[in-house]
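Quick caveat: nothing in here was measured; it's all calculated off a predicted structure.
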Amino acid sequence: MTKSSMIGGMMALAASAGGEAPSAQGRTGASVAPPLMQEVAPQLADYTDRVLFGDIWERPGLAKRDRSLVVVATLIATGRTGPLAGHIGRALDNGVPPTAISGLITHLAFYVGWPSAVAALEPAREAFVARKIDLANKDALLPVPPGDAERAVAVDKAMAGFAPALGDLTNDVLFADLWRRADLSPRDRSLVTIAALAATGSADQLDFHIPLGLRNGLTRTELAEAITHLAFYAGWPRAMSAAGKLGSERPVANNEMIVVRAGVSPSQGAADRFTGTVSISSSFATDTGATGATVRFEAGARSNWHSHANGQLLVVTQGEGRIQSEGGPVRVMRAGDVVWTPAGKRHWHGAGPETAMTHVAIVDRGDAVWQEPVTDVQYRALPVD
């Protein structure tokens with residue numbers, strides 16, 4: 001066994017190690033660090049158990065499925081295929097569908113190059129074969145997002161003078177085809193793109209992709225956690241450069257008025273946060289730290305239980321919905337109603353069982369802490385009007 005394959009095997013073992021994750025206070029179960037690491041670099045083993053898997057992987061600001069997407073994207077982008085099969089297995093355990101793994105590899109071919117994507121195929125097949133996964137081909141495309149025509153015109157103008165063919169490929173293949181494929185949601189495409197760009201030191205490209213990620217449904221807390229997480233897999237210098245871009249990016253310039261058009265940049269509500277069909281559009285952020293978006297719930301759809309560090313304001317614009325704070329009754333919301341939920345209060349909200357509902361959701365700094373889904377019994381409790 002070569003030195004590189006031995007190290008790759010060691011990291012794969014660490015990546016796929018078992019279910020008793022150590023706590024942030026110390027190792028409470030089987031060590032995630034393999035015996036070789038404990039023997040050769042016991043301090044590294046301690047950091048692996050106590051910090052990386054005991055703390056970073058357990059932080060609430062970014063779901064484990066998203067952390068897995070960040071790590072898989074980082075490993076592919078940096079060509080570190082040794083631990084890749086183990087982390088693909090962990091991603092599958094964390095709820096990432098096999099089609100999303102396949103779509104991620106294809107997506108990153110355009111952002112880190114074909115050789116890096118091809119190098120990821122064998123570890124991916126290893127993980128799929130181990131679980132008897134047979135991928136079904138899906139060619140569905142998502143709708144063209146509002147405002148994409150303006151982006152395409154900007155690309156044409158930027159490339160016309162020196163690389164018109166690259167401009168055509170950017171518009172016709174990258175955004176008109178790849179970014180619309182249904183194997184990854186726009187939000188997840190933004191997440192893995194930002195992770196790959198940060199991991200490869202392409203921080204200048206984040207000036208475009210961080211705002212796009214926010215429009216596609218990522219939050220600033222999620223982006224900060226993603227960049228923090230990849231520091232352990234791509235190194236501190238790359239993470240620090242990317243964090244600087246996140247800190248400097250401002251959605252609204254001082255003293256500048258903006259108009260966010262209805263239906264701009266729609267994305268689907270994440271399956272680990274919502275039950276049923278939910279679409280999010282017209283996201284916005286202000287200089288004061290307030291953020292929000294228009295959210296439409298189709299009949300029967302609702303959020304998971306969640307809370308906000310500084311509370312949440314809902315303004316119902318269409319239809320009829322339901323809302324409940326923990327310990328209270330299910331209440332009816334109708335168009336024109338304004339609902340305030342206090343800071344830290346667990347609650348859920350959504351459409352009625354037979355009626356769709358749209359609201360504008362506004363929070364003042366701080367992102368949601370997402371928790372378990374609302375059961376059918378909870379959702380269908382007799383409401384108080």
* Please step through side-chain contact (heavy atoms from CB on, under 4.5 Å) for the pair I76 and Y111, ending with a clear verdict. => CA-CA 11 Å; I76 293 173; Y111 285 90; over 6 Å; no
Whether [X] side chain and [Y] backbone form a donor-acceptor pair below 3.5 Å:
X: T106; Y: S102; result: yes
X: H347; Y: K345; result: yes
X: R302; Y: V374; result: yes
X: Q324; Y: G328; result: yes
X: R67; Y: I56; result: yes
X: R80; Y: Y233; result: yes
X: D385; Y: V332; result: no
X: N171; Y: A176; result: no
X: Q378; Y: T375; result: yes
X: T355; Y: E320; result: yes

If you measure from the Lys or Arg side-chain nitrogens to the Asp or Glu carboxylate oxygens, is any gap between [X] and [Y] under 4.0 Å?
X: D337; Y: R331; value: no
X: K245; Y: D207; value: yes
X: D376; Y: R380; value: no
X: R59; Y: E225; value: yes

Write down the atom of [X], the atom of [Y], and the distance for their closest heavy-atom approach.
X: A119; Y: P123; answer: O-CD, 3.3 Å
X: I101; Y: A91; answer: CD1-CB, 4.1 Å
X: V363; Y: G311; answer: CG1-O, 3.7 Å
X: V384; Y: P329; answer: CG2-CB, 3.6 Å
X: A343; Y: A309; answer: CB-O, 3.1 Å
X: I227; Y: A239; answer: CG2-O, 3.3 Å

Reported [atom1]-to-[atom2] distance for the pair [X] and [Y], which is rounded to 0.5 angstrom:
X: R238; Y: T200; atom1: CZ; atom2: OG1; result: 6.5 Å
X: L197; Y: Q205; atom1: CG; atom2: CD; result: 6.5 Å
X: L169; Y: D172; atom1: CG; atom2: CG; result: 7.5 Å
X: M37; Y: D49; atom1: CE; atom2: CG; result: 8.5 Å
X: R180; Y: R189; atom1: CZ; atom2: CZ; result: 11.5 Å
X: N216; Y: S281; atom1: CG; atom2: OG; result: 12.0 Å

Hydrophobic clusters here meaning ILVMFWY residues chained together by side-chain heavy-atom distances under 4.5 Å, can you tell me if [X] and [Y] are in one?
X: L121; Y: L84; answer: yes
X: L178; Y: F208; answer: yes
X: V173; Y: F175; answer: yes
X: L230; Y: V51; answer: yes
X: V338; Y: F284; answer: yes

* Check ring pair (Phe, Tyr, Trp, His ring centres under 6.0 Å) between W340 and all other residues, then give those that pass, not counting sequence neighbours. => none
* To do: Just jot down the ring pair (Phe, Tyr, Trp, His ring centres under 6.0 Å) partners of F110, sequence neighbours excluded, or say none.
  => W114
* Full working for side-chain contact (heavy atoms from CB on, under 4.5 Å) between T294 and T358 -> CA-CA 7 Å; T294 298; T358 302; 3.6 Å; yes
For the residue pair [X] and [Y], does the interplanar ring angle fall in the parallel (under 30°), tilted (30 to 60°) or perpendicular (over 60°) class?
X: W57; Y: F53; result: parallel
X: H306; Y: H308; result: perpendicular
X: W348; Y: Y379; result: tilted

* Asked: Under the side chain to side chain contact (heavy atoms under 4.5 Å, CB included) test, which residues partner D93, sequence neighbours left out?
  -> R131
For the residue pair [X] and [Y], establish whether any side-chain heavy-atom pair is separated by less than 4.5 Å.
X: D66; Y: D188; value: yes
X: T74; Y: F232; value: no
X: L218; Y: L191; value: yes
X: Q312; Y: I362; value: no
X: L104; Y: L69; value: yes
X: H349; Y: H359; value: yes
X: I194; Y: L223; value: yes
X: S282; Y: R261; value: no

* Partner residues of D148 under the side-chain hydrogen bond (donor to acceptor under 3.5 Å, both in side chains) criterion, sequence neighbours left out ->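 Listed in chain order: R151.
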* If we ignore angles and hydrogens, is there a donor and acceptor under 3.5 Å between the side chains of Q38 and S31? ->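 A donor-acceptor contact under 3.5 Å links the two side chains.
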* Asked: Does a donor on one side chain and an acceptor on the other come within less than 3.5 Å for D183 and T99?
  ->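 No donor-acceptor contact under 3.5 Å links the two side chains.
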* May I ask you to list the residues sharing a hydrophobic cluster with L166, side-chain cutoff 4.5 Å, ordered by chain and number? =>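 V155, M159, F162, listed by chain and number.
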* Asked: Members other than W370 in its cluster, when Ile, Leu, Val, Met, Phe, Trp, Tyr link by side-chain heavy atoms under 4.5 Å?
  -> F274, V278, I280, V295, F297, L314, V316, I323, M333, V339, M357
* To do: Take D156 and D168 through the side-chain contact (heavy atoms from CB on, under 4.5 Å) test and state the conclusion after the steps.
  => CA-CA 7 Å; D156 284 337; D168 291 342; 4.3 Å; yes
* Just wondering, are more than 12 heavy atoms of other shown residues or ligands nearer than 6.0 Å to CD in E372? -> yes
* Over 12 non-hydrogen atoms of neighbours within 6.0 angstrom of CZ in R346 -> yes
* Does the side chain to side chain donor-acceptor pair (under 3.5 Å) test come out yes or no for H209 and S190, once each step is laid out? -> CA-CA 7 Å; H209 280 283; S190 281; 5.5 Å; no
* When you look at I88 and F128, which way does the side-chain contact (heavy atoms from CB on, under 4.5 Å) test go after all the steps? -> CA-CA 9 Å; I88 289 175; F128 290 166; 4.3 Å; yes
